[in-house]
2 protein chains.
Amino acid sequence: MKTATKLFLQKGVDQVGVREIAAKAGINLSLMNYYFQTKENLFETIFDSLVMDKAVKLRSILESDLPIEKKIRDYTNTYIDMLIGNPLLVSFVVSSLHRSPEQLKSMNAVVALYNSEVFCKHLISEADAGRIRRIDPEQLYISMISLILFPFAIKELICDRNQFSKEEFQAFIEERKSIIPEMLIGLLKA
Amino acid sequence: MKTATKLFLQKGVDQVGVREIAAKAGINLSLMNYYFQTKENLFETIFDSLVMDKAVKLRSILESDLPIEKKIRDYTNTYIDMLIGNPLLVSFVVSSLHRSPEQLKSMNAVVALYNSEVFCKHLISEADAGRIRRIDPEQLYISMISLILFPFAIKELICDRNQFSKEEFQAFIEERKSIIPEMLIGLLKA
DNA sequence: GTCTATACTCTGATAGAC
DNA sequence: GTCTATCAGAGTATAGAC
């Protein structure tokens with residue numbers, strides 16, 4: 001699984017052969033099939049183990065009792081730190097979603113990952129209390145994850161066009177930890 | 001090409017077989033290979049024809065003489081209208097980038113698509129004149145395209161979680177035509 | 001559980017007849 | 001240009017030794 005995870009993230013699921021995975025893992029192809037039956041099954045197992053724990057951690061922030069501004073800052077910081085440690089994850093998930101949307105939508109890890117319900121309720125109650133402007137909470141949630149995630153999806157392009165090294169890209173992303181909450185909170189207060 | 005384009009967008013390049021394309025196009029597999037040699041070549045041709053004209057149109061907005069606020073609004077409107085007409089395009093491009101980053105980076109259509117240079121210079125000169133706040137222009141550009149593009153990349157999830165019909169998703173996206181410029185301009189003026 | 005060996009089917013690509 | 005026939009390689013599956 002460790003070998004397959006690395007290869008799936010790097011090259012994409014369909015660019016990796018099962019014989020290559022088995023060879024680099026130092027095991028026999030038949031043994032791999034003994035445990036996972038199919039490549040698709042291996043993919044699902046890996047996807048779940050890659051996403052699940054991260055999704056749970058992120059979800060716990062949005063469902064905490066923190067004030068709304070702090071919630072946005074914590075979520076952004078945590079998400080970005082997580083992705084700096086695994087920058088290929090966004091491409092992997094978006095590509096997987098494109099590959100087989102029906103399969104992904106029903107997966108527990110994905111359900112946990114896209115979960116705006118409690119956060120949206122929090123936004124509504126704040127608006128009811130007159131502490132923030134009344135805007136569609138789902139729009140704010142989508143905007144937040146867009147600002148956090150999309151730069152990783154096009155990391156290769158950003159680095160290429162700006163001549164960024166790996167470190168410079170990371171610095172660029174770190175800057176966003178303050179820019180993103182500023183934009184979102186600005187919208188809530190405008 | 002028309003048949004292949006439709007299938008590539010719907011199912012993803014690697015989920016479509018060349019025999020399926022040829023069959024649905026009503027031609028022989030060998031004839032397809034006679035013109036395109038390889039599937040990869042067919043993919044490149046299609047990618048270019050899908051992206052190039054749209055990229056040129058978008059670029060012309062950023063390189064126009066419009067004032068900065070109007071530029072942001074026009075760019076957002078045009079981009080969103082374009083994607084409403086072809087919502088699978090973002091997933092397709094991001095997946096393609098993940099599939100073979102080196103190949104994509106050097107393609108003309110991609111160079112035209114991610115092009116922030118003139119826009120960034122405009123932002124800098126506005127900041128020099130004291131008309132907007134001085135922030136990293138690349139950050140604003142990336143934020144802008146993130147807010148516009150990412151919702152399309154996860155369209156399937158958004159529709160699933162919110163029980164959106166195709167029309168409701170479109171209405172949700174239309175709303176963003178005002179939200180996105182507001183966030184960006186808010187950041188420039190804060 | 002782990003391995004070798006093998007085979008079946010589907011895919012991308014090609015050679016060669018017309 | 002258009003076709004048939006065929007190729008090597010992929011994913012999958014099985015039988016059987018240890």
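This one's a predicted model, so the numbers in the text were calculated from it and none came from an experiment. Reminder, nothing fancy here: chain letters follow the sequence lines and each chain counts from 1.
Regarding A/M32, its CE atom lies at a distance of 15 Å from the P atom of C/dT4, rounded to whole Å. One interatomic measurement links the two molecules: CG of A/L29 to P of C/dA5, which rounds to 14 Å at whole-angstrom precision. Atoms CD (A/E40) and P (D/dT12) sit 8 Å apart, rounded to a whole Å. As a whole-Å value, the separation of B/E20 CD from C/dA13 P is 16 Å. Rounded to whole Å, the distance from CG on A/L42 to P on D/dA13 is 13 Å. The interatomic distance linking B/K39 (NZ) with C/dT14 (P) rounds to 15 Å, in whole Å. We find that CD1 of B/I21 is positioned 10 Å from P of C/dA13, with the value rounded to whole Å. In this structure, CG of A/N41 is placed 10 Å from P of D/dA13, rounded to the nearest angstrom.
The base of C/dA13 has none of its N or O atoms less than 3.5 Å from a complementary donor or acceptor on the side chain of B/S30.
In terms of position along DNA chain C, the nucleotide closest to A/N28 lies nearer the 5' end than the nucleotide closest to the other residue of the pair B/V18 and A/N28. Comparing A/L31 and A/R19 along DNA chain C, the residue whose closest nucleotide (by nearest heavy atom) sits nearer the 5' end is A/L31.
Between B/D81 and B/K177 there is a salt bridge, since at least one side-chain N of the basic residue sits less than 4.0 Å from a carboxylate O of the acidic one.
Ring geometry for A/F92 versus A/F43: interplanar angle over 60°, hence perpendicular rather than tilted (30 to 60°). Taking the six-membered ring where the residue is Trp, A/Y114 and A/Y141 present tilted rings, their angle falling between 30° and 60°.
Backbone-only contact: A/Y35 has heavy atoms under 4.0 Å from sugar-phosphate atoms and none from a base.
Contact between the side-chain N/O atoms of B/Y34 and the OP1/OP2 oxygens of C/dA13 is not found at any separation under 4.0 Å. Close to D/dG11, at under 4.0 Å from its OP1 or OP2, lies no side-chain N or O of A/N33.
Few gaps surround CG on A/D128; more than 12 heavy atoms of other groups in view lie less than 6.0 Å from it. The number of heavy-atom neighbours closer than 6.0 Å to CD of A/E117, taken from other residues, nucleotides and ligands shown, is 12 or below.
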